[in-house]
Amino acid sequence: MTLPTYATYLIVPLHLIAGFLFGLIPSSVYHPAYYGAYSGIVLTLVVTVVVYGMLVQHQQPGFVVVWLQCFLALLAVAIPFFTLDFSDLWHALMYPLIMGGSLVACLVVAHIVLLTTRV
């Protein structure tokens, strides 16, 4: 299977989608969709990290390209942070932690894959 050279940039729209999913989280913990929304966000981010690792293993981009892709994903993460109206302070505090953790996970997975496959 041949993939386009820009396939690893898939992390940018996936992080954007996960960021906008934060707007669906209800403000009350007792709302039935509260944990479902968080589960959807976590599932999206885990799939993002796994797919990104597989794409990096397949395409073998350089370290600079990996950092560029994660920087673009960081810019995509900033868009929902400034456009969403968070229902309470807790969600506004959790957003950078969860999304930042996902970006760090993408960087770590990409570097591990690149270092183990190039040796």
Side-chain angles (χ1 to χ4, degrees):
M1 177 170 87
T2 56
L3 293 171
T5 57
Y6 55 84
T8 51
Y9 286 94
L10 183 69
I11 66 168
V12 177
L14 286 175
H15 275 91
L16 188 65
I17 289 168
F20 279 119
L21 284 177
F22 268 87
L24 299 176
I25 298 175
S27 60
S28 173
V29 181
Y30 301 109
H31 195 279
Y34 183 82
Y35 294 107
Y38 267 118
S39 299
I41 292 168
V42 169
L43 180 65
T44 303
L45 294 176
V46 167
V47 167
T48 301
V49 171
V50 170
V51 168
Y52 186 62
M54 291 188 320
L55 288 173
V56 166
Q57 182 181 12
H58 185 271
Q59 291 194 335
Q60 298 291 317
F63 288 104
V64 175
V65 174
V66 168
W67 279 90
L68 174 69
Q69 292 165 352
C70 288
F71 177 72
L72 291 174
L74 177 69
L75 292 177
V77 164
I79 293 170
F81 184 72
F82 291 113
T83 58
L84 288 178
D85 183 26
F86 292 101
S87 56
D88 57 358
L89 183 61
W90 175 253
H91 293 113
L93 291 175
M94 289 303 294
Y95 182 84
L97 293 174
I98 291 173
M99 299 304 281
S102 173
L103 288 171
V104 169
C106 284
L107 266 175
V108 168
V109 165
H111 279 71
I112 288 172
V113 166
L114 288 175
L115 290 174
T116 56
T117 55
R118 289 189 180 175
V119 172

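As the structure is a prediction and not an experimental result, all values here were calculated from the model.
For the residue pair Ala105 and Val49, the shortest heavy atom distance occurs at CB-CG2, 4.0 Å. Between Val66 and Ala110, the shortest heavy-atom distance links the atoms CG1-CB, 3.5 Å. For the pair Gln59 and Pro4, the tightest heavy-atom approach, listed with the atom from each and the gap, is NE2-O, 2.5 Å. When all heavy atoms are compared, the tightest approach of Ala18 to Leu45 is CB-CD2, 3.6 Å. Across Thr8 and Tyr52, no two heavy atoms sit closer than the pair O-CE1, 3.3 Å. Between Ile11 and Gln69, the closest heavy-atom pair is CD1-O, 3.7 Å.
Put simply, OH on Tyr95 and CZ on Phe22 are 7.0 Å apart, with the number rounded to the nearest 0.5 Å. In this structure, Ser39 OG and Leu21 CG are separated by 11.5 Å, a value rounded to the nearest 0.5 Å. The OG1 atom of Thr48 lies 8.0 Å from the CD1 atom of Ile17; values are rounded to the nearest 0.5 Å. Summarising the geometry, atom NE2 belonging to His91 is positioned 8.5 Å from atom CD1 belonging to Ile98; distances are rounded to the nearest 0.5 Å. The distance from the SG atom of Cys70 to the CG atom of Leu107 is 3.5 Å, given to the nearest 0.5 Å.
A heavy-atom distance below 4.5 Å is found between the side chains of Leu55 and Leu3. Between Leu93 and Leu89 there is a side-chain heavy-atom pair separated by less than 4.5 Å. In this structure the side chain of Thr83 reaches within 4.5 angstrom of the side chain of Phe20, judged on heavy atoms.
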Practice prompt. Give the intermediate values and the outcome of side chain to side chain contact (heavy atoms under 4.5 Å, CB included) for residues Met94 and Tyr38.
Written response: CA-CA 11 Å; Met94 289 303 294; Tyr38 267 118; 4.1 Å; yes

request  = Carefully, step by step, assess Ile112 and Val108 under the rule side chain to side chain contact (heavy atoms under 4.5 Å, CB included).
outcome  = CA-CA 6 Å; Ile112 288 172; Val108 168; 3.7 Å; yes

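Tyr9 contributes no side-chain N or O that, together with a main-chain N or O of Leu72, makes up a donor-acceptor pair within less than 3.5 Å.
Following chains of ILVMFWY side-chain contacts shorter than 4.5 Å, one can reach Tyr6 starting from Leu68, so the two form part of one hydrophobic cluster. Following chains of ILVMFWY side-chain contacts shorter than 4.5 Å, one can reach Leu97 starting from Leu16, so the two form part of one hydrophobic cluster. Side-chain heavy atoms closer than 4.5 Å link hydrophobic residues (I, L, V, M, F, W, Y) into clusters, and following such links, even through other members, never connects Val104 to Leu74.
No more than 12 heavy atoms of other residues, nucleotides or ligands lie within 6.0 Å of CZ in Phe71, so this atom counts as exposed by the packing criterion.
Side-chain rings of His111 and Phe63 approach one another, their centers coming within less than 6.0 Å. Tyr30 and Tyr34 have their aromatic ring centers separated by at least 6.0 angstrom.
One side chain, Thr117 or Gln60, offers a donor N or O that lies under 3.5 Å from an acceptor on the other. No hydrogens or angles considered: a donor-acceptor pair under 3.5 Å links the side chains of His15 and Ser102.
Asp85 is linked by a side chain to side chain donor-acceptor pair (under 3.5 Å) to nothing, counting only residues two or more places apart in sequence or in another chain.
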